[in-house]
Amino acid sequence: MPTSTSKTDPFDYLPLKPAVLAILVAVSDAPRHGYAIIQAVREPPHGIHLDTGPLYRFLKRLLDDGLVKEVDQGDDEERRRYYTLTTLGARVLDAERARLLSLLSRASTRASAR
Amino acid sequence: MSGNSTLTGRRGWCGRWYGCGLRWYPAEHRRRFGEDMRNAFAAQVEDARGRGIGSLATLLVRTAAHLCWFGTAERVRQVRLRIGTTGTDLRLGFRRCLRDPGSSLGAAGVLALGFGVLATAFALLQGTVLRGLPFEEAEQLVHFERRGAERGGMPVVPHDLVEWRAAQTSFEGLAAFVEALAILGDQDPAAVRVERHEGVAIEPEAFGLLRVTAAHGRAFTAADASPGADPVLLLSDRVWRRSFGADPSIVGRQVIVNGRSTRVVGIMPASFGFPIDEAFWVPLRVDPSAVRRGEGRLDVFGRLRPGVSFDAARSEFDVIAANLAAAYAENRDITVDMKTFREEYIGEEFSSRMHMILLGAGLVLLIAVVNASHLLVARSEGRIREAAVQVALGASRGRMVVQTAGEVLTLSVLGGAAGLAVSMLALSGVRLAWPSLDFFDLPHGTAAPFWWSLQLDNVTMAMTTACVLATTVVASLLVSVRLFRLRDGAILSVSARGASRARSRGAQVVVALQLAMMTALVVPVLLAAASAASLERSVAPIANASVYSARISMPTDPATMVPLILERLQQQSTLADAVLTTAIPFERARSVALSTAATADQPRDDRPSVRIASVSPRFFSLFGVQPLSGRLFSTDDGAGAEPVLLINERAAARHFAGTNPVGQRVRLGDGSTWLTVVGVVPDLWMDGDRTDRQEGVYLPLHQSFATDPAWRSGRWGSVAVLGRARGGVRETEFAVQRAAAVVSPAPAVFDQSTMAERVDRHASRYRMYGHLLTALGAAALLLAVSGIYGVNRAMAMARAKEIGIQMALGASRYDVFRGVVRRSTGVLALGVVGGLAAAFWMAGGLAQMFFGLDVHAPWVFATAALAAVGSAVVAIVLPVRAVSRRNPVALLRLD
């Protein structure tokens, strides 16, 4: 449940910081725990070195904004928490992807014009 | 991931180190993510270890920096969030106050009263006791008295002072001073008004001991007190400003002091008025050869040498006193009484009295806080459901307390600001009244000590602010605790009535106590009002605004000069109907023993005394007074005529009860001349406002030089002139000066005012008592009514359903009111009777505050009881009225 804000328009969250975008992408395909997110965002194309401090600060904000949510993974032996995208999070990710595509498309148009 | 390694894993030292670092995060963050963060970090460590020690070291350094940075950031964020939430809750509380302005103003008014009383009491304590004495190392200053075995405290005599100085080693020095009066004028009579001032003659070394120097010019030197030295004078800052327009060139100029040309050598600082609040200082030379051993009176003080204790000095003076007692018969059984300046000029008794006032004021604030919280609870009872819903939605008790605190803080700040205004008013009242308030132990009309400062200084303001905050905390908790109980009842669907009924006995006690307090204070208010009216009636004949009065300093040979002055006064046109008298009405006339033919043989001490005044012929007609019997004085009652006198009504009633005094003969003092009573006149106030000391007689001025013992002994310092002024004060003053010029080239005319002003100065004391009592009574009324209203509003809310049933069954609103009042009869009776008993006991002690009244008059007590019951009934009925106006069906639906 969103607790710190009531923003529901995905465009209110744009543009996303690279680390936030990487986290959202990391949890978009399947629920991941903290260390799995650290590993996922370190992989190309993100290449972002996130430690636990900044990661959980971002996660807290995303949880409070309702972009990600915790999901129960009963089979985890170490009882780690798993995070996944909410509907709003998915819409924000889509909006950011569209924004980036539009940006890239303009950049490509200008490059080909030169 | 392995949890068994000493380095890695959650229980490895890396994990433990990380766990320690996590403590820097706020608890809420740790609860939410701590476990997960440790798991993730353990995995990171395992991973880095696999890549080598360099990677692990880099991870640890980076993580340490992150722990510091993000832990701090989270903490800051949490504080900001909390402040934001608290701000929202406080704003909510503030809005609640605005939603119900009536009860908000009531509660703020009650708190204003409490804060005002407390701030005033603290300012009194601070300004008179806590500030201490304004001397450098004041604790080293010691005041001396002599003490006789049977005679108690006595002033120091010159011979002893000289012996003490020679023998003592404990003090840097000893200095003496004596009270002095000065009629102060300028060489040029037109330049400065002649005024009478009180000051001291003081030894020059006193200024060094007090560590003060003159602000302009210089203080005295030893040469100023040497025999044959030119007369010199130091002026206080107050007199310099008021009488000389703060002209710095006055230093070095000659002024007239008691008819003698005297040079002003300096102006003392504004903060100096030693010993009490002196207007001037003249040099004192203590000359034992001028008096016999054991005679004379001096005030003496000294400053202890550094390192010498008070007790050591006392021991030394015990020895000195014993040696003097052995050497001289006049010093037998005489000891030296030493006190620190603080003990002498402030005193433990005064200090404890001031602390008691502060304690009383604290109790008033406590009552105010309880009453204000009753009002807040009463108005919050309607929001119990709202509170229950808030709890259901997860609101914590803390947040509800903060909301209440916002409400209380708003009222406290309002009340605090209004309280400071109340206190400023009260302090200005006290400043005006203190010369006439017996409480301060000052002789009537005396200025307060110069170090007193009755104003709202920074310390008082800080104390009031602290009280506002403390009140906010206390009242918030009081209100919150009661609301929690009611709210918990509402959540459990239990009627709040049960809790209210359980409280009702305590509430009835509160009502009874406050009613008693109100009744007890209404009585003195009524007495003060009656006293003012009585005084107004009594002084009407002499409180005449068109009658000018002044005093002229008296020369030697009054028998020749006074008739000359009167003749000159009657020749000029500025002052019509001019008369001379030795005693102005309403001021204290001298007393003399009176004997009639029946009491002539009694010893002098057994003969009753009467007030005596010598007056010129038209004295009585000036005030429109006609004789009650016989006649008034005429010009025929001259020096050579038969000695006569007039007697006033009270004296006639006492000395000639049942007989006509006219034609009877009396003798005054030790004189052998018999005087014939030629008339009886109404009482014209011969001893201030003392109704028990008004018996008096009047002598014709021209005869009195022979018949009044005081003229013969030369004890008159001045004679008073009265008349109808036809011009301004200045013109009249010049006219009187011209007339009096026969006695001195620069005659001293002083103490000028109209009779209305003169009477007003005496009457102001009663007026001030009246204002003070009215303020106290109004405060008690406000407190009591708010307290009774608050308690009854809460009870009315709790009985709302019962009232609904009564009205649904056909009872009218008046039936409901009657029922409520009937239920309160016992409490009302208890409170009123208790209050009347307290007032009866108090009235005896307060008798001197009222003029010419029977302080136990039944009408006063009956009126006070009616007023108290009336106010209480209104405070009881109003909340019930509000409830009874609601639809009975809605009332029946209440839980």
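So you know, we letter chains A, B, ... as the sequences are listed, proteins then strands, and number each from 1.
- Atom-to-atom distance recorded for Arg81(A):CZ and Met37(B):CE is 11.5 Å, nearest 0.5 angstrom.
- By the salt bridge (charged side-chain N to carboxylate O under 4.0 Å, His left out) test, Arg30(B) is found to be paired with no residue, residues two or more places apart in sequence or in another chain being considered.
- At a 4.5 Å heavy-atom cutoff, Ala65(B) makes no contact with chain A through either its backbone or its side chain.
- Atom CG in Asp36(B) sits 14.0 Å away from atom OH in Tyr35(A) (nearest 0.5 Å).
- Expressed to the nearest 0.5 Å, how far CZ of Arg77(B) lies from NZ of Lys60(A) amounts to 4.5 Å.
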Hey, can you pull the donor-acceptor pairs under 3.5 Å for the side chains in residues 23-30 of chain A, sequence neighbours left out?
unit_1	atom_1	unit_2	atom_2	d
Ser28(A)	OG	Val25(A)	O	2.5
Asp29(A)	OD2	Arg32(A)	NH2	3.4

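- More than 12 heavy atoms of other residues, nucleotides or ligands shown are found within 6.0 angstrom of CZ on Arg75(B).
- In terms of the ring-ring contact (aromatic ring centres under 6.0 Å, His included) criterion, Tyr83(A) has no residue partners (sequence neighbours excluded).
- Annotation: side chain of Gln44(B) is in contact with side chain of Ile38(A) (closest heavy-atom distance under 4.5 Å).
- In this structure, Tyr56(A) OH and Arg32(B) CZ are separated by 12.0 Å, a value rounded to the nearest 0.5 Å.
- Taking each heavy atom of Ala40(B) and Gly34(A) in turn, the nearest pair found is CB-C, 4.3 Å.
- Residues of residues 41-55 of chain A lying within less than 4.5 angstrom of chain B, judged on heavy atoms, are Arg42(A), Leu50(A), Asp51(A), Thr52(A), Gly53(A), Pro54(A) in numerical order.
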